[in-house]
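Quick notes on the structure that follows.
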Amino acid sequence: MIDLKDLRENPDKYRNGVRDKCMQVDIDRLLALDEARRAILTRVENARSEQNKISKEVGPRIGQLKGKLKGAAGDEKDRLEMEIASLEAKPAELKALVAEEERHLGAIEPEFKALWLQVPQPPAADVPRGKGSDDNVEIRRWAPAGWDFGRTFAENRGFKPRTHLELVKLHHLVDFERGVKMGGTRHYVLAGLGMRLHQAVLRYAVDFMADKRGFTPMGVPVIVKEECMVGTGFFPAGREQAYHIEESKRGSGHDMYLTGTGEVGLMGLHAEEILQADQLPLKYCTVSTCFRREAGAAGKDTAGLYRIHQFDKVEQVVVCKADEAESRAWHRQMLETVEMILQSLGLPYRLLQCCTGDLGVKNEDMIDVESWMPGRGEMGKDGAPTGEFGETHSASRLGDFQCRRLNLRYKDEHGKMRFAYALNNTVAASPRILIPLLEMHQQADGSVVVPEALRPYMGGIAKIG
RNA sequence: GGACAGGUGUCCGAGCGGUUGAAGGAGCAGCAUUGGAAAUGCUGUAUACGGGGUAACCUGUAUCGGGAGUUCGAAUCUCCCCCUGUCCGCCA
């Protein structure tokens with residue numbers, strides 16, 4: 001959610017933000033509604049002020065008269081009743097006026113709020129302009145010794161690669177058929193060493209965050225109220241993407257939503273709170289099951305572990321002071337974490353600076369990390385896929401956008417109330433990360449070497465198959 | 001799920017129809033006192049939005065779990081919802 005005062009003072013900043021993010025939000029309509037709303041509010045407040053003044057002056061008098069009325073009779077009684085009626089007339093008039101104005105307010109308020117929630121956080125100044133993922137800019141890439149991005153898998157390794165689909169089948173790591181039987185399309189069952197590998201990556205990532213990076217691991221709800229979804233900025237834009245539990249339809253309480261990322265639970269933690277400056281930065285991580293409807297992705301990545309309705313993810317968030325330099329420093333630190341983890345797993349990757357058009361409503365700067373997946377991409381001449389980068393991580397800076405919505409504030413050194421800045425980043429998302437993990441570490445005989453870093457979490461197993 | 005009891009400021013706690021943004025206490029901050037400290041005394045101690053002012057600040061409105069209602073006037077009365085506690089039932 002953006003600052004309305006800032007919107008009024010710098011409307012172009014937000015008009016440009018909408019344009020650069022290739023979104024459609026009528027800023028001028030919002031400005032007009034805001035002005036109308038404030039005009040009404042001023043009238044209501046003035047009337048209320050008058051009302052309050054009168055009721056302070058007249059109220060006790062009415063009370064007195066009503067007291068007298070009880071013991072009165074005849075002319076005296078009529079006189080008292082008339083006086084009371086005349087005293088009550090003035091506030092009644094104001095009351096009608098307030099009711100009238102509030103009707104006007106009620107007429108524009110829903111549209112005003114809906115529009116306000118839609119205004120995206122403008123991209124940071126140094127984010128490249130672009131329309132979509134094709135315009136993202138590669139920052140750097142890394143590969144372990146012996147891997148050359150310029151050559152095919154076969155050229156690098158001396159044998160034709162199997163896809164992760166073939167590998168999981170070969171070693172009975174994933175059972176897609178039974179997953180689909182139970183959950184429908186885009187579901188799967190992790191089995192045996194597949195489940196252990198999945199757990200190993202997650203546990204490795206959590207331990208890495210806690211032990212090496214000083215983050216506090218948390219277990220947070222994955223079923224949350226709408227406020228959490230709106231507060232974290234996923235709603236209204238991402239409403240179609242979330243599973244909806246319609247408890248209210250069963251006559252009880254409120255509806256709930258399944259979260260698509262641990263970010264929701266982590267950021268919701270301190271919603272509506274006022275923190276002391278010395279409590280910042282907050283550094284949290286969580287491992288949580290993530291649920292995504294994948295609405296609008298029909299027919300895309302239908303096979304395998306890439307795009308699924310349910311997965312587990314280790315997520316990190318930082319809530320820091322409202323300082324751009326500090327936020328950028330945390331952003332770099334988060335990416336460093338990801339690089340350390342991918343390097344320790346021996347997975348080639350590249351960093352992409354996302355362009356303005358690829359940003360969501362809530363972020364002002366986002367860097368995607370894509371891991372090399374040999375089994376993706378078009379068929380090569382040798383009958384093996386040519387390989388392709390696939391997104392495995394994403395690190396965003398949100399400025400104060402999210403904390404505004406969540407009403408997460410802190411008192412700075414001067415005692416001033418400020419909205420904190422927030423960042424979030426994937427540490428490891430599995431089973432998607434199993435795709436490069438299996439494909440990159442496969443051997444000519446189809447066996448898969450378990451990276452050293454994961455072996456302690458695999459009961460010491462060094463090789464699958 | 002059923003039956004009670006509750007939800008008031010940073011915290012405890014009063015108020016149950018009228019100058020109550022809210023008594024009293026604790027905490028915290030400032031000042032005084034002191035060689036320094038404790039103790040004591042005094043003062044201050046919410047947030048949001050709007051208006052005014054360069055600013056310190058002044059001013060209006062709202063906020064006593066949330067929403068709706070009754071009333072000239074609601075923290076106080078009514079209804080719905082949420083949450084917490086206790087007992088019972090069920091249960092990983």
Side-chain angles (χ1 to χ4, degrees), chain A residues 1-9 30-31 33-70 80-106 108-110 112-113 116-117 219 221-231 245-257 268-279 289 400 403-420:
Chain A
M1 176 154 61
I2 54 120
D3 183 2
L4 280 179
K5 253 184 248 165
D6 196 40
L7 175 76
R8 294 196 279 262
E9 283 160 20
L30 179 60
L31 285 166
L33 287 171
D34 171 58
E35 205 176 318
R37 186 172 161 272
R38 275 185 302 151
I40 295 170
L41 243 27
T42 304
R43 289 197 289 274
V44 169
E45 285 178 6
N46 286 341
R48 278 252 168 75
S49 173
E50 187 79 2
Q51 222 175 3
N52 287 343
K53 216 183 295 163
I54 289 174
S55 85
K56 262 181 209 164
E57 290 162 1
V58 169
R61 177 77 185 138
I62 293 174
Q64 247 177 22
L65 292 173
K66 282 192 173 166
K68 275 190 195 168
L69 193 61
K70 279 180 202 160
L80 285 172
E81 275 171 350
M82 272 175 67
E83 190 174 349
I84 289 171
S86 79
L87 285 174
E88 286 180 349
K90 272 181 274 183
E93 224 174 277
L94 287 167
K95 202 184 167 185
L97 188 82
V98 168
E100 167 78 7
E101 291 294 354
E102 282 186 335
R103 255 199 309 285
H104 293 318
L105 194 63
I108 63 168
E109 194 87 349
F112 168 76
K113 281 194 174 146
W116 188 14
L117 282 176
V222 296
I223 310 171
V224 302
K225 296 190 207 166
E226 186 170 14
E227 293 96 285
C228 271
M229 300 301 281
V230 174
I245 301 170
E246 296 183 286
E247 279 297 288
S248 61
K249 276 200 173 164
R250 308 170 72 177
S252 79
H254 44 79
D255 284 6
M256 290 185 290
Y257 297 86
L269 233 32
H270 295 283
E272 306 293 332
E273 288 185 24
I274 298 168
L275 304 169
Q276 294 304 313
D278 60 14
Q279 286 178 264
T289 302
D400 67 3
C403 291
R404 251 177 215 288
R405 289 195 176 216
L406 289 164
N407 199 21
L408 196 172
R409 295 168 297 171
Y410 72 97
K411 253 192 187 140
D412 71 11
E413 304 74 25
H414 313 291
K416 220 187 136 194
M417 220 47 106
R418 312 208 54 170
F419 290 103

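Residue numbering restarts at 1 for every chain, and letters A, B, ... go by the order of the sequence lines.
Note that the CG atom of A:Leu30 and the CZ atom of A:Arg8 stand 10.0 Å from one another [nearest 0.5 Å]. Expressed to the nearest 0.5 Å, how far SG of A:Cys403 lies from OH of A:Tyr410 amounts to 10.0 Å. Atom CZ of A:Phe419 is separated from atom CE of A:Met1 by 7.0 Å, given to the nearest 0.5 angstrom. In this structure, A:Arg38 CZ and A:Arg43 CZ are separated by 12.5 Å, a value rounded to the nearest 0.5 Å.
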Using a 4.0 Å heavy-atom cut-off, write out nucleotides 50-69 of chain B from 5' to 3' as B (base contacted by protein), S (sugar-phosphate only) or - (no contact).
SS--------BSS-------
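Atom C1' of nucleotide B:C83 and atom CD of A:Glu227 are separated by 13 Å, given to the nearest angstrom. B:A48 atom P lies 16 Å from atom CD of A:Glu273, rounded to whole Å. Atom CE in A:Met1 sits roughly 13 Å away from atom P in B:A48 (whole-Å rounding). Rounded to whole Å, the distance from CD on A:Glu272 to C1' on B:U10 is 17 Å. As a whole-Å value, the separation of A:Gln276 CD from B:G27 C1' is 13 Å. Here B:U47 presents its C1' atom at 17 Å from CG of A:Leu406, a figure rounded to the nearest Å. Rounded to an integer number of Å, the gap from CZ of A:Arg418 to P of B:U47 is 15 Å. Rounded to whole Å, atom P of B:C81 lies 15 Å from atom CD of A:Glu247.
When the side-chain nitrogen and oxygen atoms of A:Lys225 are compared with OP1 and OP2 of B:C82, none of them lie within a distance under 4.0 Å. Note on A:Arg409: a side-chain N or O is less than 4.0 Å away from OP1 or OP2 of B:A48.
B:G41 and B:G25: their P atoms are spaced 10 Å apart (whole Å). Nucleotides B:G17 and B:G73 have their C1' atoms positioned 8 Å apart, rounded to a whole Å. Spacing between B:U8 and B:G2 at atom P, rounded to whole Å, works out to 25 Å. Taking atom P on both B:A5 and B:C58, the two are 45 Å apart, rounded to the nearest angstrom. B:U19 and B:C88 have their P atoms separated by 44 Å, given to the nearest Å. Straight-line distance between the P atoms of B:A56 and B:A48: roughly 15 Å, to the nearest whole Å. Between B:U47 and B:A37, the distance separating the two C1' atoms is 37 Å to the nearest Å. The gap from the P atom of B:C64 to that of B:A22 amounts to 14 Å, rounded to the nearest Å.
Judged by Watson-Crick or G-U wobble contacts below 3.5 Å, the nucleotide B:A56 has no partner. In this structure, B:C90 makes no Watson-Crick or G-U wobble pair, since no nucleotide meets both defining distances under 3.5 angstrom. Nucleotide B:G36 forms no Watson-Crick or G-U wobble pair with any nucleotide shown, as no partner meets the under 3.5 Å limit on both distances. In this structure, B:G17 forms no base pair with any nucleotide, since neither Watson-Crick nor G-U wobble geometry is met with both distances under 3.5 Å. With a cut-off of 3.5 Å on both Watson-Crick or G-U wobble distances, the partner of B:U70 is given as none. In this structure, B:G24 and B:C12 make a Watson-Crick or G-U wobble pair, each of the two defining distances being under 3.5 angstrom. Using Watson-Crick or G-U wobble geometry with both donor-acceptor distances under 3.5 Å, B:U47 finds its partner in B:A62. Across all strands shown, B:C83 is found opposite B:G6 as a Watson-Crick or G-U wobble partner, with both distances under 3.5 Å.
Salt bridge A:Glu109/A:Lys113: present, at least one basic N to carboxylate O contact under 4.0 Å. With salt bridges taken as basic N to acidic carboxylate O contacts below 4.0 Å, none links A:Asp412 and A:Lys416. With respect to A:Arg103 and A:Glu100, a salt bridge is recorded, a charged nitrogen being found less than 4.0 Å from a carboxylate O. Between A:Arg409 and A:Glu273 there is no salt bridge, since no side-chain N of the basic residue sits under 4.0 Å from a carboxylate O of the acidic one. With salt bridges taken as basic N to acidic carboxylate O contacts below 4.0 Å, one links A:Glu102 and A:Arg48.
Mapping A:Phe419 and A:Lys95 onto RNA chain B via the closest heavy atom, the residue that lands nearer the 5' end is A:Phe419.
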